[in-house]
Amino acid sequence: MSQVESQHFVQLIDQGQLAHAYLFTGPNQQAKHDLVQAILQKLVCPTAQDQGGPACGHCQSCQRIEADQFADVYYLQPDGQNLKVDQIRSLKEWLTKSPLEADFKMAVIEQADTMNASAANALLTFLEEPTADVYLILFAQEADRLLATIRSRVQTIHLAQVDSQDQIQAMVDQGFDQGHAQIIQALGGDAVQRWTLRYQVAEFDTWIKLLNQFYRLLVGGNPQAFVMIQSQLKAFLSGADALDALDYLAVINHAAVVQLTTGAQSDQVIQSYFIYELLQKQTCQLSTLLAIQEAILLAKQRLAANVSPQLVFEGLVVSLVK
Ligand SMILES: [Zn+2]
């Protein structure tokens, strides 16, 4: 699924601006389904509700939604070739009943472009007078296969096939610096989601520069790295930032390994100039880079085991600086 799209919805919901009716278009059914789940999780996850931001993905509510066990969503599919008026009527009836688990109900109409005229008209009366706390999501391959009267009452979200270049471009369109977007994309996991919420050019730039400096000290086996955690890095290591920092160190270390062993600059040109400069200035052994790689892995495991970020980073330095 496009993380950029799900992030868009997380922001809408946090701002109380989720519309009552959407049309998801595009070739990928799974992407549409995944986006519906992300929206549902965002709406019911207690963590996401209390603190804003994306759903946690592992609480009971999030898991029930992922397992398709959530009671307040209704998926409607064509009965035969078409979606028929009786189906729309049953759906409308279901929507009038009180929700069981949540404080809203959501209806998802798959292949909405197969609605016959009377079904479309029945749906239209609903779209003209949306009920509070009811959300309607239509799926269709292309928007123009739906009646114009329906199209004009829903917000269309086109879900393209997303690859990493598209994801980077989408971030750049949202105001990300190109180089920063490449780095965040390379971090993987939920990094795109997290940074989309809070990205600021200057802050990210500072973060990267500090980590580059820290990495240079690690490569050089310089004990100053230890001091740097306390004096500068510590402020940037709360929450998921510590994991992002380790992921970033792993990315540049990998780029350094590639460059040292093949002479080639690594694919995405992630910080390749920095790596190039670093390897020019410092005589560095492959064994050092491999030791760093191993230490980063270990640090990630300790972080996952709830060791404090500062201790994790100190342990990382201690294992590398003799
Ligand atoms: Zn959750």
Side-chain angles (χ1 to χ4, degrees), residues 1-22 24 28-75 94-95 97-110 131-137 139 155 157 159 162 167 170-171 174 184-185 187-199 237-247 300-309 312:
M1 175 189 35
S2 158
Q3 291 189 324
V4 175
E5 287 305 344
S6 71
Q7 195 51 53
H8 169 68
F9 277 96
V10 167
Q11 278 175 319
L12 283 180
I13 294 166
D14 278 340
Q15 292 160 6
Q17 290 180 337
L18 186 65
H20 283 281
Y22 288 93
F24 292 173
N28 189 337
Q29 280 302 110
Q30 190 59 44
K32 293 172 195 163
H33 192 254
D34 288 349
L35 185 54
V36 167
Q37 288 203 334
I39 293 169
L40 285 172
Q41 286 181 330
K42 167 61 189 167
L43 286 169
V44 302
C45 173
T47 308
Q49 289 299 296
D50 292 349
Q51 300 168 15
C56 75
H58 47 72
C59 68
Q60 204 191 1
S61 298
C62 286
Q63 298 219 317
R64 280 182 62 74
I65 287 164
E66 194 167 341
D68 281 328
Q69 290 171 342
F70 180 66
D72 295 316
V73 63
Y74 187 113
Y75 286 90
W94 178 80
L95 285 171
K97 294 183 183 133
S98 302
L100 298 173
E101 298 188 46
D103 52 8
F104 66 90
K105 298 189 108 176
M106 181 181 288
V108 180
I109 303 184
E110 300 185 40
T131 321
D133 306 325
V134 165
Y135 301 104
L136 189 64
I137 295 178
F139 290 178
Q155 293 196 26
I157 302 282
L159 300 176
V162 176
Q167 198 170 46
M171 290 166 84
Q174 287 178 45
I184 292 167
Q185 206 279 329
L187 295 180
D190 300 330
V192 172
Q193 261 177 313
R194 282 198 305 275
W195 283 100
T196 301
L197 270 185
R198 50 174 285 215
Y199 175 76
L237 295 180
S238 56
D241 291 5
L243 182 60
D244 280 347
L246 289 173
D247 282 337
K300 284 180 73 169
Q301 287 164 15
R302 296 184 72 209
L303 198 63
N306 284 325
V307 179
S308 88
V312 167

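Whatever order the structure lists them in is the order used to number ligands and atoms, beginning at 1. Remember, predicted model here, so these are calculated numbers, not experimental data. When reading the values below, keep in mind they use all heavy atoms of this one structure, side chains included, and skip hydrogens, waters and symmetry mates.
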Check for a donor-acceptor pair, side chain of [X] on one end and backbone N or O of [Y] on the other, with a separation under 3.5 Å.
{"X": "Gln7", "Y": "Leu197", "result": "no"}
{"X": "His20", "Y": "Ala132", "result": "no"}
{"X": "Lys42", "Y": "Gly53", "result": "yes"}

Q. Using the ring of each side chain (for Trp, its six-membered ring), is His33 parallel, tilted or perpendicular to Tyr75, with breaks at 30° and 60°?
A. tilted
Q: Quick one: sort the Phe104 and Phe70 rings into parallel, tilted or perpendicular, breaks at 30° and 60°.
A: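 The rings of Phe104 and Phe70 sit tilted, inter-plane angle from 30° to 60°.
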Q) Testing Leu243, Asp241, Leu246, Leu303 for side chain to side chain contact (heavy atoms under 4.5 Å, CB included) with Pro309, which one passes? A) Leu303
Q.
For a distance under 2.8 Å, give residue and atom name for each protein N, O or S atom next to the Zn ion (ligand 1).
A. Cys45 SG, Cys56 SG, Cys59 SG, Cys62 SG
